[in-house]
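Here's the structure we're looking at; comments come further down.
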Amino acid sequence: MKYIFVTGGVVSSLGKGLAAASLGTLLEHRGLKVTMQKLDPYLNVDPGTMNPFEHGEVYVLDDGAECDLDLGHYERFTNGVLSQGNSSSSGQVYESVIKNERKGKYLGKTVQVIPHITNEIKRRILALGVEQPCDVLITEIGGTVGDIEGLPFLEAIRQFIQDVGLENVLIMHVTLVPFIKAAGELKTKPSQQSIAKLREIGLHPDILLCRTEHKLPDDVKEKLSTYCNVPIEAVIEGRDIEDTIYRAPLLLQQEQLDEVVCKRLGIVAPVADMGDWERFVTRIVNPKKRVRIAIVGKYLEHKDAYKSIFESLRHAGAALDCEIEIEEVDAEVLEKENPALHLHDVAGILVPGGFGERGTEGKIKAAQYARENNVPYLGLCLGMQIATIEFARNVLGLAGANSTEFDKKSPHPVIHLLPGQRELKGKGANMRLGTWPTVIKEGTRAMLAYQVPTIRERHRHRYEFNQDYRAQMEAAGFTIAGTSPEGDLVELIELRDHPWYLACQYHPEFQSKPNQPHALFKGFIGAALGHQR
Ligand code: GLN
């Protein structure tokens, strides 16, 4: 088994996750079994409690692990279905060590960053290789080399190399080669300094992936090679991509990244045939049609807060040969204004997940607009709860209908906590997380979209549809299109008298892949195209 560590230098936001995932794609296309892992230096035990404004979306895995959005890149770019072990934060590492200390496992020794924390980090790397056997494990280290909190991870890698042998480990350092306008030049100094930082800890990069706005001329590559002590063919250009991030693996293949990796690690594997990926990219960049979709949300300023939703829309668009033009509609703005002002020219309305009351009344107005004007609607998680509240208020005339998340005293709590859930305390304690099965009702649009009677989708929510209202809602045309196998939880709803109005309690956006768009997103975009005509 071979190990690749991906580190980042100079600044954050260089697209390390994307670079790691792209390398994963290339190696998989060479027929290798690849597993991806993220080690994050922050102290939060999981990003589940982090504000999407700060950290982007919380990505949820099959087993319910809440993690960084880079895990989303990994799942979209490779065939892996990841789980808790694929992601660790310093918070989790320290938590394990401190728990062991409390249990007396260290036999009274002084518990220290070295060796206890570093041992726990190494244990997590090795354990993943056992849990998900593979040819290559790619581990991305969050943060930037030089950060104080990242040091234990780098020290762990240094020790790890001693344990498994230099020939089995490769370090790819993603760095920035900035263009200084006044000088008209690309500058290598920041990279040199960042590599010097790596060396201080005893690590030496094998590959430099140089993020740059411009082409990296040979003389700059040579300079980097000389000063950073990396063979010239291992100085890889990672130029900004204008059209689609899915082009990254193709460009890196042109730069021979996978070739250099295989050579350095002594891996014998056929050249990657990227035909399927190339065809997907061509469809993304040369669509014949175009469709405008509104996303009515409240974390829109943070460009990564709805990452997986954007990507799922793109995958579905590519399959239907159409470009998705996204109209970001601030839910709070809709609260004050006529929704038609913002929604009259869109062919589909999507209400994503969310927590807290802010913006919910605006989302309800959007759902009402979609229902009354026959605009295709896709509600995800909170988006289903919103659709339920809207229908209860405006079709059944249940004034004050709401979710108890937003109004504890609502006379019609159509969305509520289940008994038993109510007593749980502590952040994250009563969340329904991870994959749960849904049984789909015959003859529904959902069945048309999915084509199978049972599906498995990922969840991340606390509140549920209140079954006390089921009969009257159904009688008025609100179809319960999918439930848990026992029938106690409502998972999927649709409107009988509407061309395409579907909403689910789960997050389909976590299971869409470039060449396998998710059934609901595909159905939604198909309906939007129809509406547009
Ligand atoms: N806030 C809602 C709940 O907890 C919806 C969650 C979500 O959209 N992910 O049930």
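One-based numbering, in listed order, for ligands and for the atoms of each. Just so we're clear, the structure is a prediction, and the values are computed from it rather than from any experiment.
In this pair, Tyr306 and Phe310 present their aromatic rings tilted. The plane angle is within the 30 to 60° band. In this structure, His459 and His461 have tilted ring planes: the angle between them lies in the 30° to 60° band.
In this structure, Met431 falls outside the shell of residues with a heavy atom less than 4.0 angstrom from ligand 1. The shortest separation from a heavy atom of His507 to ligand 1 is under 4.0 Å, placing the residue in contact.
The protein atom (non-hydrogen) at minimum distance from atom 2 (C) of ligand 1 is Glu405 OE1, 3.2 Å. Protein heavy atom at the shortest distance from atom 10 (O) of ligand 1 is Tyr463 N, 2.8 Å.
Taking each of Gly379, Ser403, Cys381, Gly383 in turn, the one with a heavy atom nearest to atom 7 (C) of ligand 1 proves to be Cys381.
Taking the six-membered ring for Trp and the full ring otherwise, Tyr246 and His315 have centroids separated by under 6.0 Å. No close placement of the His507 and Tyr59 rings is indicated, their centers lying 6.0 Å or farther apart. Aromatic rings from His412 and Tyr469 are positioned such that their centres are separated by under 6.0 Å.
Heavy-atom proximity to Gly353, at under 4.0 Å, picks out these atoms of ligand 1: 8 (O). For ligand 1, the atoms lying closer than 4.0 Å to a non-hydrogen atom of Arg462 are 3 (C), 4 (O), 10 (O). Listed by number with element, the atoms of ligand 1 under 4.0 angstrom from any heavy atom of Arg460 are 6 (C), 7 (C), 9 (N).
In terms of N/O distances under 3.5 Å, ligand 1 is approached by Gly354. At least one N or O atom of Leu382 sits closer than 3.5 Å to an N or O atom of ligand 1.
At most 12 heavy atoms of other shown residues, nucleotides or ligands fall within 6.0 angstrom of atom NZ in Lys522.
Partner Glu75 forms a salt bridge (charged side-chain N to carboxylate O under 4.0 Å, His left out) with one of Lys513, Arg458, Lys38, Lys307 and no other, that one being Arg458.
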